[in-house]
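Only one structure is covered here, and it is reproduced in the block below.
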Amino acid sequence: MKTQPTVPPEIHAAEEVDVVVVGAGFTGLYQLHRLRQLGFSVRLLEAGADLGGIWYWNCYPGARVDTHVPMYEFSSEDLWRDWTWTERFPAWDELRRYFHYVDQKLDLSRDIRFNTRVEGAEFDRDRNQWVVSILDGGAVRARFLVLCTGFAAKPYIPDIAGLERFEGVKHHTAWWPQDGLDMTDKRVGVIGTGASGVQVVQEAARVAAQLTVFQRTPILALAMQQCSLDEATQRDMKRDYPARFARRRESFGGFDFHASGKSALEVSPEERAAIYEASWAAGGFSFWASTFYDVMTNLQANRTAYDFWREKVQARIRDPKLAEQLAPKEPPHPFGVKRPSLEQTYYDVFNQDNVRLVNLKATPILEITPSGVRTAEGDCELDILVLATGFDAVTGGLTQIDIRGVEGLTLKEKWAKGARTHLGMASAGFPNLLFLYGPQSPSGFCNGPTCAELQGDWVVEFLGRMRDAGVSRFEATTAAEQTWKDHVEVVGAMTLFPLADSWYMGANIPGKPRELLNYPGGVPLYLQMCQASADKGYEGFVLG
Ligand code: N01
């Protein structure tokens, strides 16, 4: 353990506000807006040059959201009334335009510092303030620190031999060049077949001379059923928006799907097929989220979903051997325990002459050479290498900041053996600090804007009450952390999520503790638990 940190004297003169918010995605912008409405002075610090959070960094070709209109926007009528989307699942550039529209309506940018990466934060015990330091120098002091860094703020680059020697163009999907990259007539390789890999592959296949997809685990991608949206259609849809937004708090993942009360094992095969077929046709995550309640808790029920999915996919791939690699008879893991992702042409592109799949389970990558990828199958020469290899998810965005609590311990050190939180929002030893969309909260299981608002409302109310009650310091207790961890584990053990080596389990990062990083009880139960703490005078916190 480190000795008590001292705050360097030069940063005593730093800018001082009530709240520092980190991150200008949905969550951070909502905090900024609501906290300002309560009369707090707020400074939002953002590493990127623009708004959007994940949609600033992830501008690779094909990047688009997997959530349907209108679930991926703010629920305030003042905002949705005058906004019109062009597609049911909007692309990154349209999402950026939306953020600019919101900015224009709410005048957010005046309190945001862009190109400002937060490097560290130290708690000044004498003044009960956080001193937030910025990478290029300078600091901001605040009574409260609210981290809204999202679940995917720290890209993961695997340690593959020779990677640094590649002489072509190489990018991680989350560090894509802001001015784009033309893949036309190029030899492109994509490592990774998660949601990002699927989206890049679909686009690269249209233009590349040769596209090689390096697959370790097949993704179980669902039909997006994308469509264009016009203004008249959305005018009609908007009549239902209030009811649809209200339903978010009743659904496991914060969507507007109706929850199913049926078991996949209690219906006839015909009824089961009809229900799967209907949700497949509806598209998006409804196949994952609203068919049968036991798909994510019972292996036998789960297998019925997998078998339906496999039949759909196999029918689209001409070469039976290839079909078996993309959609094998035996599931690589239970259906849905790794995030499924949505696709439009993913399975069709493998029928094209310019697209090739390398099955890394059979022929692993031996090394990256200056000119491409060497596998047991041979050398694959490339002009562009895309690393769609994911993120040190959920905790990585927080632990990459040097946040030092009252004992001098960093958050990274504290969580070295696993995340410790109260309600997935606070951690003992780190007073006056809250994080949203973080570990042990619904985060990756929940639609982003839903969490931004519902979890966000709890945070705003909490901070308002602390201020009004004259509380200058709040801190979660270790007992509350233990209770919360036990609860997350008990509920998690009732699900199938622990059965996969997914980012949900922290298992995609070598050496990272294996634990369920998202709250598995669903949004309604989570909100109840948070409300219960508030109703008991913020049980689990020491207020001073
Ligand atoms: O990352 P991932 P992602 N050698 O971790 C492979 C959100 N998102 O960026 O499965 C070879 O899912 C790895 O293989 P395996 C969404 O929540 C949303 O795609 O570990 N391969 C896997 O195939 C999503 O779930 C949207 O065997 C290696 C891939 O890399 C989350 O972000 C769009 C490897 C990583 O997949 C993360 O998605 C994009 C190695 N050494 C992302 N290491 C939308 O809403 C890793 N892999 C649309």
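If you're wondering where the values come from, they're calculated on a predicted model, not measured in any experiment. We count ligands from 1, going down the list as the structure has it; atoms in each ligand are counted the same way.
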Subject >> The one among Arg216, Lys338, Gln199 that brings a heavy atom closest to atom 46 (C) of ligand 1 >> reply: Arg216
Original post:
atom 25 (O) of ligand 1: which protein heavy atom is closest, and how many Å away?
Top reply: Trp503 NE1, 2.9 Å
Original post:
In the protein, what heavy atom is nearest to atom 41 (N) of ligand 1, and what distance, to one decimal place, separates them?
Top reply: Pro158 CB, 3.3 Å
**OP:** Would you confirm whether the ring centroid of Phe287 sits within less than 6.0 angstrom of the ring centroid of Phe308?
**Re:** yes
Subject >> Distance from atom 45 (O) of ligand 1 to nearest protein heavy atom, with residue and atom >> reply: Asp66 N, 3.2 Å
Subject >> Residue among Val200, Leu181, Leu385, Leu387 satisfying side-chain contact (heavy atoms from CB on, under 4.5 Å) with His171 >> reply: Leu181
Subject >> Mutual orientation of the aromatic rings belonging to Tyr30 and Phe74 [parallel < 30°, tilted 30-60°, perpendicular > 60°] >> reply: parallel
**OP:** Evaluate the ring planes of Trp484 and His487, with Trp represented by its six-membered ring, and classify them as parallel (under 30°), tilted (30 to 60°) or perpendicular (over 60°).
**Re:** tilted
**OP:** Verify the neighbour count for atom CD of Glu311: are there more than 12 heavy atoms of other residues, nucleotides or ligands below 6.0 Å?
**Re:** no
**OP:** Tell me which one of Arg339, His333, Arg64 gets a heavy atom nearest to atom 24 (C) of ligand 1.
**Re:** Arg339
Original post:
ligand 1 and Trp55, any nitrogen or oxygen pair closer than 3.5 angstrom?
Top reply: no
**OP:** Check whether any N or O atom of Tyr60, backbone or side chain, sits under 3.5 Å from an N or O atom of ligand 1, and answer yes or no.
**Re:** no
**OP:** Could you see which bit of Leu360 sits under 4.0 Å from ligand 1, with heavy atoms only: side chain, backbone, both or neither?
**Re:** side chain
Original post:
Are Glu330 and Arg303 within salt-bridge range, i.e. N to O under 4.0 Å?
Top reply: yes
Original post:
Non-hydrogen atoms of Phe391 versus ligand 1: any pair closer than 4.0 Å?
Top reply: yes
Original post:
Are more than 12 heavy atoms from other residues, nucleotides or ligands located less than 6.0 Å from atom CZ of Arg249?
Top reply: no
**OP:** Ignoring angles and geometry beyond distance, decide whether Tyr156 reaches within less than 3.5 Å of ligand 1 through its nitrogen or oxygen atoms.
**Re:** no
Original post:
With respect to Asp383, which candidate in Lys170, Lys186, Arg187 satisfies the salt bridge (charged side-chain N to carboxylate O under 4.0 Å, His left out) definition?
Top reply: Arg187
**OP:** Evaluate the ring planes of Trp85 and Trp83, with Trp represented by its six-membered ring, and classify them as parallel (under 30°), tilted (30 to 60°) or perpendicular (over 60°).
**Re:** perpendicular
Original post:
Among protein heavy atoms, which sits nearest to atom 32 (O) of ligand 1, and what does the distance come to when rounded to 0.1 Å?
Top reply: Phe151 CZ, 3.6 Å
Original post:
Any idea which of Thr217, Asn508, Leu163, Thr389 brings a heavy atom closest to atom 15 (P) of ligand 1?
Top reply: Thr217
Subject >> Option set Gly194, Ala152, Ala174, criterion heavy-atom distance to atom 12 (O) of ligand 1, minimum >> reply: Gly194
Subject >> Protein contact of atom 6 (C) of ligand 1 - nearest heavy atom, named by residue and atom, plus distance >> reply: Gly192 CA, 3.6 Å
Original post:
What protein heavy atom sits nearest atom 22 (C) of ligand 1, and how far away is it?
Top reply: Thr193 N, 3.9 Å
Original post:
Given Met505, which of Val337, Leu499, Leu516 fulfils the side-chain contact (heavy atoms from CB on, under 4.5 Å) condition?
Top reply: Leu516
Subject >> Identity and distance of the protein heavy atom lying nearest atom 39 (C) of ligand 1 >> reply: Ser196 OG, 3.2 Å
Original post:
Backbone, side chain, both or neither: what part of Ile191 comes under 4.0 angstrom of ligand 1, heavy atoms only?
Top reply: side chain
Subject >> Ring geometry between Phe257 and His68 (parallel below 30°, tilted from 30 to 60°, perpendicular above 60°) >> reply: tilted
Subject >> Exceeds 12 heavy-atom contacts within 6.0 angstrom, atom NZ of Lys412 >> reply: no
Original post:
N/O to N/O below 3.5 Å, does that happen between Ala195 and ligand 1?
Top reply: yes
Original post:
Hey, looking at atom 29 (C) of ligand 1, which of Ala393, Ala388, Gly390 has the closest heavy atom?
Top reply: Ala388
